[in-house]
2 protein chains.
Amino acid sequence: MALREQAIAAKRASVETAALSIPEKNRVLEAMGRALLVRQDEILEANALDVAAGREHLSPALIDRLTLTKARIEAMAQGFMDVAGLPDPIGQVISMEKRPNGLVIGQRRVPLGLVGVIYEARPNVTADVASLCVKTGNACLLKGGKEAFRSNLAIVKILQDAGKETGYPGDAVQLVMDTSRETTREMMGLTGILDVLIPRGGAGLIRAVVENASVPVIETGVGICHTYVDEGADLAMAQRIAVNAKVSRPGVCNAMETLLVHRAVASIFLPSCLEALKAKGVEIRGCAETQRIVPWVKPAAEEDWDTEYLDLILSVKVVNGMDEAVEHIRDHGTGHSEAIITENYTRAQNFLERVDAAAVYVNASTRFTDGFEFGYGAEIGISTQKLHARGPMGLLALTSTKYIIYGSGQVRE
Amino acid sequence: MALREQAIAAKRASVETAALSIPEKNRVLEAMGRALLVRQDEILEANALDVAAGREHLSPALIDRLTLTKARIEAMAQGFMDVAGLPDPIGQVISMEKRPNGLVIGQRRVPLGLVGVIYEARPNVTADVASLCVKTGNACLLKGGKEAFRSNLAIVKILQDAGKETGYPGDAVQLVMDTSRETTREMMGLTGILDVLIPRGGAGLIRAVVENASVPVIETGVGICHTYVDEGADLAMAQRIAVNAKVSRPGVCNAMETLLVHRAVASIFLPSCLEALKAKGVEIRGCAETQRIVPWVKPAAEEDWDTEYLDLILSVKVVNGMDEAVEHIRDHGTGHSEAIITENYTRAQNFLERVDAAAVYVNASTRFTDGFEFGYGAEIGISTQKLHARGPMGLLALTSTKYIIYGSGQVRE
């Protein structure tokens, strides 16, 4: 089926999925989770072919993300069970009021309709997105990385089969069959069919979608996250947090890329903290002042402040105070996650007030920006735009609202 | 100043406006409202020039929208006072929860940043949008129709002057000085500067913006609204509502364009209702069955069902029941406002459930879809998309949120 036909079929199916009851949707989710377990051999077989083909040109990190194991498939299946157990947002009336003219106006949560997601070669995303869309009554059009195509196809086939057995429309979960870039461009132009397009992946993909899409887009992910260590901070805590923010998972968007340190504590804090980071394999690139204090630090170039390393590399800058830290974050941040480490009440509140990002922290690691850590029980991505959803997106981000109005013959004027 | 420089200046000013306190913003609004009254002669003079120039090529309806009078300027000024009196959404913490690890995670309402609006030759929109943006701590970049340029310039100058006197940054309210289409195209591409672009105006403008913008867009306005008169409806009520929905202000997006009537009541309802509409000057274009019942009705062509007349023209179709009505609305509606007139409880609920539109009514005129009628005290437009805002947009639609997280040294894993 060509992309446009797939999309139209999915859109049509979204009318049916929107009308499903809460228990119906949960039965579908449970059936899908069970089917993934029962038919895991099909997935493992397909995945083995993907991995074999990928070995030639993919990095070990990418191979790791691509590879499925029995345990990972069990986790995928458990994801469906977990999502089934979450509260269902659809149908919820979030406000209802009687107007002076007697009209009763309510606002009811409804599905978005057809959700498009473009992502890299991570087959578990296929399952995650499908489960969240089933729960929220949306149909989905999934374009996974070509290196995972066989795995994705096996997963989607199993989900479709399990869906059909429980009365779920087969067209509601669609995998895009042509994994070329041309198809990405075509998806961006499905105006009136795709209700939202979420690009998950590298900065290049996200920029291309933001620049070229005519369908509504939710921008995700790019994170140049800062941690600012204030004058009078608890320096032991600051070091613990800095190391965690950089090292616990350097390849993700909520990892710290730049450490900002108040001049007054730099000469006490930096030697110990940078030594600890170095011991974990982190390459440090610092400003002149950082290099003066810790001579083995490499010099940071201007572009370091604007680089999302996604790697064991950290840029470090000594600043004259919170104003300079906030300005640096304004100039170089991507609006993802920013943290201050401080014991000062007023500066803590001011940092929360002045820094413009999806998540602003006092005395905690930026690594917590995540749908599960925020208690949403699920995550479709992390929005770095201000419209519709900002920060970790759970089920609510996949919903819209409509006004329902109960009248008794009212006319206007 | 070139557009891009204007936008950058406004964006910079938005950092300051975001930090203003509630009383500061209200003082600015009141000063702006007073200045519009005090300096109304400047506006009237500029407007007289616009109107004189427009007489040559604008329709009487457009001249009416363009023309300002003492009373209309007073209403504009009163708008600022009214907005000052509305509750301020900025800073509101809409949820705050303590996670098991002790992190306290809150979601706080913040301004969007820089709001762009493109609109037609209606100078009052300049004042409306500015007042809503001041209240919500946003800067704005306003592109009004070229026929109203002198009026808009006079208004914006007065607002800027009054703002400056009360400590409000002069760059925060900007009128685009070049009213050409080229500038519209340039606005659409201000990625990273414009946080949202709202096109208000004709279907052509809205389509062009949706298709070509790389900045986030909120689609507004196009309304092919239906009223479905069900079997067993209160026909007197149905007629009152139909006449109101069509005639009270035919040029706006929430006016009815198509009347759908259940076959069982068509022969009783249509003669009287269509006669009443005809008496108000409405041209009727009907399906074959409508023409059979009311012989003077003109035939409707296929394209009539997809036309937003914005005029005293109505298309009428006899349907076999609610299913056909809902399908017709799905195929031809624009997701704006749809109504059922019925006395049947189950069909009322089903219509509310099944029709996918920003506002769905039972027994009321679609003309109520409006920020003021919904009790928002203001309106920036009516969104017909599903992301971010749907239906009438008040102050909340001009806000985003950010997560604020109070930690005590938490690290992940």
Side-chain angles (χ1 to χ4, degrees), chain A residues 15 18-19 97 99 103 105 108 110 112-113 191 195-196 210-212 214 216-218 234 237 240-241 243-245 248 330 348 352-354 356-365 367-369 373-375 385-388 390-391 400-413, chain B residues 15 18-19 97 99 103 105 108 110 112-113 191 195-196 210-212 214 216-218 234 237 240-241 243-245 248 330 348 352-354 356-365 367-369 373-375 385-388 390-391 400-413:
Chain A
V15 175
E97 225 183 303
R99 300 289 306 150
L103 282 181
I105 303 184
R108 183 192 277 175
V110 296
L112 284 170
T191 318
D195 291 286
V196 63
V210 167
E211 292 285 333
N212 298 309
S214 55
V217 166
I218 299 179
D234 175 335
M237 181 202 283
R240 228 166 39 238
I241 289 172
V243 171
N244 181 265
S248 60
R330 186 173 302 141
L352 291 176
E353 186 78 33
R354 291 172 59 193
D356 186 23
V360 190
Y361 293 82
V362 180
N363 293 351
S365 167
R367 289 277 293 107
F368 285 107
T369 305
E373 294 293 334
F374 277 29
Q385 71 178 33
K386 293 188 181 171
L387 279 197
H388 187 68
R390 195 180 191 197
S400 180
T401 60
K402 73 176 170 193
Y403 287 99
I404 52 172
I405 300 116
Y406 294 96
S408 48
Q410 284 83 352
V411 296
R412 191 158 167 196
E413 253 127 284
Chain B
V15 176
E97 224 182 306
R99 300 288 307 151
L103 283 181
I105 303 184
R108 182 194 277 175
V110 296
L112 285 170
T191 318
D195 292 286
V196 63
V210 167
E211 293 283 335
N212 298 308
S214 55
V217 166
I218 300 179
D234 175 334
M237 181 202 284
R240 228 166 38 236
I241 289 173
V243 171
N244 180 266
S248 59
R330 184 173 303 140
L352 290 175
E353 187 78 33
R354 291 173 59 194
D356 186 22
V360 190
Y361 294 83
V362 179
N363 293 351
S365 167
R367 289 277 293 106
F368 284 106
T369 305
E373 295 293 334
F374 277 30
Q385 72 179 31
K386 291 189 184 172
L387 279 198
H388 187 68
R390 195 181 193 199
S400 180
T401 60
K402 73 176 169 193
Y403 287 99
I404 53 173
I405 300 115
Y406 294 96
S408 47
Q410 283 83 352
V411 297
R412 190 158 168 195
E413 252 127 285

In terms of heavy-atom pairs under 4.5 Å with chain A, the winner among B/P216, B/G391, B/G375 is B/G375
B/K402, B/H388, B/Q410, B/R412: which one forms the most heavy-atom pairs within less than 4.5 Å of chain A? B/R412
Residue part contacting chain B, namely of A/A359, when any heavy atom lies under 4.5 Å: both
Which atoms of A/I241 come close to chain B, meaning under 4.5 Å heavy atom to heavy atom: side chain ones, backbone ones, both, or neither? both
Show the nearest heavy-atom pair for residues B/E373 and A/I105, with the distance to one decimal. O-CD1, 4.4 Å
Heavy-atom distances under 4.5 Å only: say whether B/R99 touches chain A with side chain, backbone, both or neither. side chain
Please tell me if the side chains of A/L112 and A/S400 come closer than 4.5 Å, counting only heavy atoms from C-beta onward. yes
One option among A/K386, A/Q385, A/R330, A/R240 has the most heavy-atom pairs under 4.5 Å with chain B, and it is A/K386
Could you have a look at B/V362, B/V110, B/V411 and say which one has the most heavy-atom pairs with chain A under 4.5 angstrom? B/V411
Which atoms of B/E97 come close to chain A, meaning under 4.5 Å heavy atom to heavy atom: side chain ones, backbone ones, both, or neither? neither
Please identify, among A/V243, A/L352, A/I218, A/I404, the residue contributing the most non-hydrogen atom pairs under 4.5 Å to chain B. A/L352
Would you mind telling me which of A/L387, A/T191, A/D195 has the largest number of heavy-atom pairs within less than 4.5 Å of chain B? A/L387
Selection from A/R367, A/R354, A/E413, A/M237 maximising heavy-atom pairs under 4.5 Å formed with chain B: A/R367
So, for B/A364 and A/G407, which heavy atoms are closest and what is the spacing to 0.1 Å? CB-CA, 4.3 Å
Closest-packed option against chain A by number of heavy-atom pairs under 4.5 Å, given B/A18, B/A358, B/S248: B/A358
Parallel, tilted or perpendicular for B/Y361 and B/F368, by the 30°/60° rule? tilted
Who among A/S365, A/A348, A/G409 has the most heavy-atom pairs with chain B under 4.5 Å? A/G409
Check whether any side-chain heavy atom of A/Y406 sits under 4.5 Å from a side-chain heavy atom of A/L103, and report yes or no. no
